[in-house]
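All values below were derived from every heavy atom in this structure, side-chain atoms included, with hydrogens, water molecules and symmetry-related copies excluded. Quick note on labels: first sequence line is chain A, next is B, and so on, each numbered from 1.
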There are 2 protein chains.
Amino acid sequence: MAEELNQRGQDILEAIVEDYIASAEPVGSRSITRRHAMDLSPATVRNVMADLEDMGFLCSPHTSAGRIPTSKGFHYYIDTLLEVRDLSALEKQRLSKSYQFQGLQMEDVMQEVGRVLSGISSYTGLVMAPKFSSTVFRHIEFVKLSHGRLLVIFVSETGLVQNKVIEAEVDWSAQELERMTNYLNHTLPGMSIQEIRTRLADELQLEKARFDQLQEQAMSLSKAALMDEIEEKVFISGTSRMLEQPEFSTPGKMKKIFHTLESKEHLVKLLDQAQAADGVQIFIGSQTEHDAIEGCSLISSPFSGKKGAVGTLGVIGPVRMDYSHVIPIVDFTAQLVSRILKREAE
Amino acid sequence: MAEELNQRGQDILEAIVEDYIASAEPVGSRSITRRHAMDLSPATVRNVMADLEDMGFLCSPHTSAGRIPTSKGFHYYIDTLLEVRDLSALEKQRLSKSYQFQGLQMEDVMQEVGRVLSGISSYTGLVMAPKFSSTVFRHIEFVKLSHGRLLVIFVSETGLVQNKVIEAEVDWSAQELERMTNYLNHTLPGMSIQEIRTRLADELQLEKARFDQLQEQAMSLSKAALMDEIEEKVFISGTSRMLEQPEFSTPGKMKKIFHTLESKEHLVKLLDQAQAADGVQIFIGSQTEHDAIEGCSLISSPFSGKKGAVGTLGVIGPVRMDYSHVIPIVDFTAQLVSRILKREAE
DNA sequence: TGTTAGCACTCCATGTCGGCGAGTGCTAAC
DNA sequence: GTTAGCACTCGCCGACATGGAGTGCTAACA
């Protein structure tokens, strides 16, 4: 995999990738010598290109069109050739300003991040909200709906509100509910859902006799409220940006991509993967096992609140994406969001 | 507008509309006589078609293609010719079963309705959740975030949860907050937000001296929490269905439609209009002043909870939509959702 | 030995042309 | 009032030529 490539080969591969990113069209030997001031003749470039093709960095769609980079080519470009410059202070400031966060609640923040991300990058923005199990408990509330049905409202340290309806076995009175609510709101704050779950599981193992009635009731209630995993929330913005990419202009490809973006489950898997590592991650087209987003690349970065990694944001676009532009944006945005989440939790 | 059309004219217009709905292609005189067993010759049909074109029901895209219905033609078809059959008991049952509502909270219900609506109709589903101002108060809760910032959680009679962050002028203590919360939760349930607002406005007119401190504090807090209009929530499902329509297969038209669907504000306006009337409403293409959804039709119906009209659901698709199929579905779904909302509120 | 110029070749994209099919409008006959 | 017939109009499609861009190969050059 770690193929050696001499300086000239690198230069030419870089030129091809950049031209292809700019034009979305196969790149010929001639146009390279013209556009990039190389003191080489087209013929020489052709030789090098033939070598690059043999090595798997390039391929030609037809005998006599130019060449386009393969995913391996893109990989090499990103890993070795691309130098990501940091954003200037001015750019950072401008980017920070595009976000209008004040007064928004968590969900709106996620939405807003996606919106801005898509707006500046000109691609489609993705944000996966903090995982439920990794959020830190701040407040819980029970509201009685019809007989036996309870609405549970859960607020995390970062202000994320989750709610669900549970069917309680017992028809609690308002007083009982209030006492349990108070109990839980005094006991649980500061713990993550994951911690609460393990503690709950532990305590349920002990003999019930050891608990007083209140504790027991509260535990059974919070078990119903917090044990189930809640579906991840993914916010997608600027899907129509996908339509602007020439490589997806045929109806067939569009349909495929839109189905993928709509179903969300593929995205969750992918973003989950990205969450594991830290810093900016790049998934290129076919590399992702799901060929559902064949032809797409994802640039993503996890962001974090107070306790460990909690969410992922990123930009999805064609493989032929402007990496040098988007990578620093994603990177900085993740930092920004992390800072905000930590501030919220003060 | 109320042009007279003899029986034959009606028959032929109906045939053309139906063929066009089925094929998305201009309809010729010949194919009509073939497909619909009319004992008329193509020539006769041609004469009638020429008349219909003069009257504005039809138009021909080219000198010598078939004819396609104008929006006026569609209108006439829907108003006069189309007979909407009710769903059979079996179909109703089947439709009811596709909805899996149990245990879902309000927001999920809206989402689910859109999903199913889009699934059965094969077009794009739209649901506008109950307007905030028309919902009936059930419960309110304040959670302190960082200094001075309060998360307000509001639960409606139907289990809809809304939340927002407010900046309180005073840094209330936990006790004060609890007292106010209790006060509000005892005073307000059963009133609609609209009613609460007017009452609030009225009482603020009176001299402040008449209220005790608790009341005054609670009023100022609930003013901050409930006075602002909250953005309407629109749930869109199955946007990719739009891509399947041949009339939107060109990239340009796709982009236009997707922008419209993404921005939501146009949709809110449109759905708002639909909410005013009761029963199924149909908006055809250019009739909607926003030509942003030119080439689209909307079939919608309001649904209601306990107090008056509260939301709208519908299906959006090409003008050439299968009205006879979709109208009863939208109609019945609206009834179904209304029933469920009323049941929730028992 | 590496680089370059030249040349024949391959393909795609574009434009033109003619035929075919579907449809129309008109007229004359029934 | 209805129908058959006919000339006419277009759009669609396949065939064909053309030009341009690119390639691979070979031979000459430094």
note: B/R35, atom CZ; C/dA22, atom P; distance rounded to Å ~ 13 Å
Is the centre of the B/F74 ring less than 6.0 Å from the centre of the B/F57 ring? no
Please report, rounded to the nearest Å, how far the P atom of D/dT3 is from the CZ atom of B/R30. 14 Å
Contact list for DNA chain D against residues 17-29 of chain B - heavy-atom distance below 4.0 Å: none
Is B/R67 near enough to C/dG25 that one of its side-chain N or O atoms lies under 4.0 angstrom from OP1 or OP2? yes
Would you call A/E18 and A/R320 a salt bridge, taking side-chain N to carboxylate O under 4.0 Å as the test? no
Using whole Å, report how far CD of B/Q7 lies from C1' of D/dG1. 17 Å
Roughly how many Å is it from CG in A/D51 to C1' in C/dG2, rounded to a whole number? 13 Å
In whole angstroms, the gap separating P of D/dC25 from CE of A/M49 amounts to 15 Å
Does the distance from a Lys or Arg side-chain N to an Asp or Glu carboxylate O, for B/R85 and B/E91, drop under 4.0 Å? yes
Spacing of A/N47 atom CG relative to C/dG6 atom P, expressed in whole Å: 16 Å
Where do B/L243 and B/M254 come nearest, in terms of heavy atoms and distance? CD2-SD, 3.2 Å
Given 3.5 Å as the limit, does a donor-acceptor pair link the side chain of B/E262 with the main chain of A/T239, or not? yes
State which residues pass side-chain contact (heavy atoms from CB on, under 4.5 Å) with B/P42; sequence neighbours excluded, sorted by chain then number. B/S29, B/R30, B/T33, B/R46
Quickly work out the A/I32 CD1 to D/dA21 C1' distance and round it to whole Å. 14 Å
What string of B, S and - do you get for nucleotides 7-18 of chain C 5' to 3' if you count protein non-hydrogen atoms under 4.0 Å? ---BSS------
Is it true that A/D331 and A/T333 share a donor-acceptor pair across their side chains at a distance under 3.5 Å? no
Which residues satisfy the side-chain contact (heavy atoms from CB on, under 4.5 Å) test with A/V48, sequence neighbours excluded? A/R8, A/I12, A/L52
I'd like to check the side-chain contact (heavy atoms from CB on, under 4.5 Å) partners of A/T250; sequence neighbours left out, ordered by chain and number. A/K253
Is any side-chain N of the basic residue among A/K255 and B/E244 closer than 4.0 Å to the acidic one's carboxylate O? no
Dot-bracket, 5' to 3', for DNA chain C please: Watson-Crick or G-U pairs under 3.5 Å, [ ] where pairs cross earlier ones, | where the partner sits on another strand, dots elsewhere. ||||||||||||||||||||||||||||||
Atom pair CD1 (B/I299) and CD1 (B/I327), whose distance is rounded to the nearest 0.5 Å: 5.0 Å
